[in-house]
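What you see is a predicted model; the values in this text were computed from it and never measured. Both counts, for ligands and for their atoms, begin at 1 and track the order of listing.
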Amino acid sequence: MINLLIFGPPGAGKGTQAAFVAQKYNLKHISSGELLRQEAKDGEFKDEVAKYLDAGHLVPDELITKIIKDELEDTDKKQGVLLDGYPRTIKQAEFLDSLLKDNNRQLNLVINLELEDDIAISRIMSRGENSGRADDRSEIIKKRFHIYHQETEPLLNYYKNQKKLKHVNGRPDVEAVKKELEETIEKLLNK
Ligand code: ADP
């Protein structure tokens, strides 16, 4: 069983690539953003969650952590997972390590999907026209990048120290990135 994490700035293509990888390797795709957008639609704390999402702020650690914990506990013990969008802070990463341990899992690989801010921003802006996401607007996008660099990017060092980090260039077209990801994962499987 493998458990993977896909990492990268907003707009790097994590969602698209994660869906592909999850299907190809039969992993359960756990997307924090999707789970939170669902929560904002019909969850117990929907108004509160929507406020954070629409402002481009991170939701409080306890809230997202509880959602991820429930998802992991609901996953078939024999199925690997692909985490997308969680963790986003060092605190979340530390919690995840213990949560995975409690579930007899460990992260095998963290893939950093790299993309420069200006390209990522222009991708989100063009997606914004039809994504219907309230956070795909320019002031909010700026905020999300600021938070990414402040809070989330330091995780790269965290996983580098754990020797789990691999980089994949997110700039080429979707098919080329898929291929690169497959090669990275195949190397892990053949080890
Ligand atoms: P993107 O990475 O492209 O901004 P996501 O769908 O991953 O999009 O996340 C959308 C929003 O969901 C974030 O801006 C944040 O408000 C919230 N969110 C997602 N994951 C987390 C997390 N791990 N911790 C806190 N907030 C989160």
Participant: What residue pairs, at least two apart or across chains, pass side chain to side chain donor-acceptor pair (under 3.5 Å) with a residue in residues 110-120?
Facilitator: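 For residues 110-120: Asn112-His167, Glu116-Arg171, Asp117-His149.
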
Participant: Is Lys178 atom NZ crowded by more than 12 heavy atoms from other residues, nucleotides or ligands, each under 6.0 Å away?
Facilitator: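 For Lys178, atom NZ is crowded (more than 12 foreign heavy atoms under 6.0 Å).
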
Participant: Going by atom types only, do Tyr86 and Glu71 share a side-chain donor-acceptor pair under 3.5 Å?
Facilitator: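 Result is no, nothing qualifies.
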
Participant: Same cluster for Leu35 and Val81 if Ile/Leu/Val/Met/Phe/Trp/Tyr side chains link at under 4.5 Å?
Facilitator: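 Linked, Leu35 and Val81 end up in one cluster.
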
Participant: List ligand 1's nitrogen or oxygen atoms that come under 3.5 Å of a protein nitrogen or oxygen, with the partner atom and distance.
Facilitator:
{"residue": "ligand 1", "atom": "2 (O)", "partner": "Lys14", "partner atom": "NZ", "Å": "3.3"}
{"residue": "ligand 1", "atom": "2 (O)", "partner": "Arg88", "partner atom": "NH2", "Å": "2.8"}
{"residue": "ligand 1", "atom": "3 (O)", "partner": "Arg144", "partner atom": "NH2", "Å": "3.3"}
{"residue": "ligand 1", "atom": "4 (O)", "partner": "Arg144", "partner atom": "NE", "Å": "3.1"}
{"residue": "ligand 1", "atom": "4 (O)", "partner": "Arg144", "partner atom": "NH2", "Å": "2.9"}
{"residue": "ligand 1", "atom": "6 (O)", "partner": "Arg37", "partner atom": "NH1", "Å": "2.9"}
{"residue": "ligand 1", "atom": "6 (O)", "partner": "Arg37", "partner atom": "NH2", "Å": "3.1"}
{"residue": "ligand 1", "atom": "7 (O)", "partner": "Arg88", "partner atom": "NH1", "Å": "3.3"}
{"residue": "ligand 1", "atom": "7 (O)", "partner": "Arg88", "partner atom": "NH2", "Å": "3.3"}
{"residue": "ligand 1", "atom": "8 (O)", "partner": "Arg133", "partner atom": "NH2", "Å": "3.2"}
{"residue": "ligand 1", "atom": "9 (O)", "partner": "Arg88", "partner atom": "NH2", "Å": "3.4"}
{"residue": "ligand 1", "atom": "16 (O)", "partner": "His57", "partner atom": "O", "Å": "2.5"}
{"residue": "ligand 1", "atom": "20 (N)", "partner": "Ser32", "partner atom": "OG", "Å": "2.7"}
{"residue": "ligand 1", "atom": "20 (N)", "partner": "Gly85", "partner atom": "O", "Å": "3.3"}
{"residue": "ligand 1", "atom": "20 (N)", "partner": "Arg88", "partner atom": "NH1", "Å": "3.0"}
{"residue": "ligand 1", "atom": "23 (N)", "partner": "Gly85", "partner atom": "O", "Å": "3.0"}
{"residue": "ligand 1", "atom": "23 (N)", "partner": "Gln92", "partner atom": "OE1", "Å": "3.0"}
{"residue": "ligand 1", "atom": "24 (N)", "partner": "Gln92", "partner atom": "NE2", "Å": "3.0"}
{"residue": "ligand 1", "atom": "26 (N)", "partner": "Val59", "partner atom": "N", "Å": "3.1"}

Participant: Taking atom NZ of Lys69 and atom CG of Leu99, what is their separation to the nearest 0.5 Å?
Facilitator: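 Rounded to the nearest 0.5 Å, the NZ-CG separation comes to 7.0 Å.
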
Participant: For Asp97 and Gln106, which I'm curious about, is there any donor-acceptor pair between the side chains at under 3.5 Å?
Facilitator: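 No donor-acceptor contact under 3.5 Å links the two side chains.
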
